[in-house]
Amino acid sequence: MISCSKITVVNKGGYVFNFSVQWLGSDGKWQTTEWNSGNYPVLQSCTTPELSEIGVPADALAVTPYGHAVLGTSGQGEAFVTYAPNTGEATYHAVGTTFIGFAVELQE
């Protein structure tokens, strides 16, 4: 898995988009941050603050954006990352349309 300290999501889909961040705890349960990117249109991006600043713990087993196409579908990013302080950004692309082909994909 890629390590990162921030997550960027580029909206390449045919919708207005927003995302939060989810992480997998040692208890095997997914948690979602209260932080949200706010809505933004196609061909724009948003980057989280340092993941620890929005509640992601250092011992999270996996981290991923949870994206939402406004008036459409929601879902976890495909391919998880791990949180490591001061390691840079992981970039995802939100693609598809509100209901067809919606995905949030990690770019490597």
Side-chain donor-acceptor contacts of residues 58-72 below 3.5 Å, not counting sequence neighbours, with atom names and distances?
unit_1	atom_1	unit_2	atom_2	d
T64	OG1	G77	N	3.2
T64	OG1	G77	O	3.2
H68	ND1	S74	OG	2.5

Practice task
Please list, chain by chain and in numerical order, all residues satisfying side chain to side chain contact (heavy atoms under 4.5 Å, CB included) with E34, sequence neighbours excluded.
Solution key: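 With neighbours one apart ignored, the set is empty.
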Exercise for the section: With sequence neighbours excluded, tell me which residues meet side chain to side chain contact (heavy atoms under 4.5 Å, CB included) with E105. Expected result: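 For E105 the side chain to side chain contact (heavy atoms under 4.5 Å, CB included) partners, ignoring immediate neighbours, are E78, V95, A103, Q107.
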Handout entry: Shared hydrophobic cluster for I2 and V104 (ILVMFWY, side-chain gaps under 4.5 Å)
Key =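 In one cluster with I2: V104, yes.
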Practice task
Say whether L106 and V21 are linked into one hydrophobic cluster, either directly or through other cluster members, by side-chain heavy-atom distances under 4.5 angstrom.
Solution key: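 Same cluster: L106 reaches V21 through Ile, Leu, Val, Met, Phe, Trp or Tyr contacts under 4.5 Å.
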Residues which pass side chain to side chain donor-acceptor pair (under 3.5 Å) with [X], listed by chain and number, not counting sequence neighbours:
X: N39; value: N18
X: Q76; value: Q22
X: S3; value: T82
X: E89; value: T8

Problem - Check: T98 and T73 side chains under 4.5 Å, non-hydrogen atoms - result: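 In short, these two side chains do not touch, never coming nearer than 4.5 Å.
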Could you measure the distance from the [atom1] atom of [X] to the [atom2] atom of [Y]? Nearest 0.5 Å is fine.
X: Q44; Y: S37; atom1: CD; atom2: OG; answer: 11.0 Å
X: C4; Y: L51; atom1: SG; atom2: CG; answer: 5.5 Å
X: I54; Y: T33; atom1: CD1; atom2: OG1; answer: 4.5 Å

Problem - ring pair (Phe, Tyr, Trp, His ring centres under 6.0 Å) contacts in which one or both residues fall within residues 18-54, not counting sequence neighbours - result: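 Matches after skipping sequence neighbours: F17-Y40, F19-W35, W30-F80.
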Handout entry: Side-chain donor/acceptor of S5 to backbone N/O of G88, under 3.5 Å
Key =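 Checked: pair present.
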Problem - Remaining members of hydrophobic cluster (4.5 Å side-chain criterion), L43 - result: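 Same cluster as L43: V42.
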Exercise for the section: Using the test ring-ring contact (aromatic ring centres under 6.0 Å, His included), find all partners of Y92 that sit at least two apart in sequence or belong to another chain. Expected result: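 Scan of Y92 (ring-ring contact (aromatic ring centres under 6.0 Å, His included), adjacent residues dropped) gives none.
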Problem - All ring-ring contact (aromatic ring centres under 6.0 Å, His included) counterparts of Y83, not counting sequence neighbours - result: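 Y83: no ring-ring contact (aromatic ring centres under 6.0 Å, His included) contacts found.
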Exercise for the section: Can you see which heavy atom on S20 is nearest to which on T32, and at what distance? Expected result: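 Taking S20 first and T32 second, the nearest heavy atoms are CB-CG2, 3.9 Å.
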Practice task
Could you walk me through whether K6 and T47 pass side-chain contact (heavy atoms from CB on, under 4.5 Å), step by step?
Solution key: CA-CA 7 Å; K6 296 180 181 182; T47 302; 4.0 Å; yes
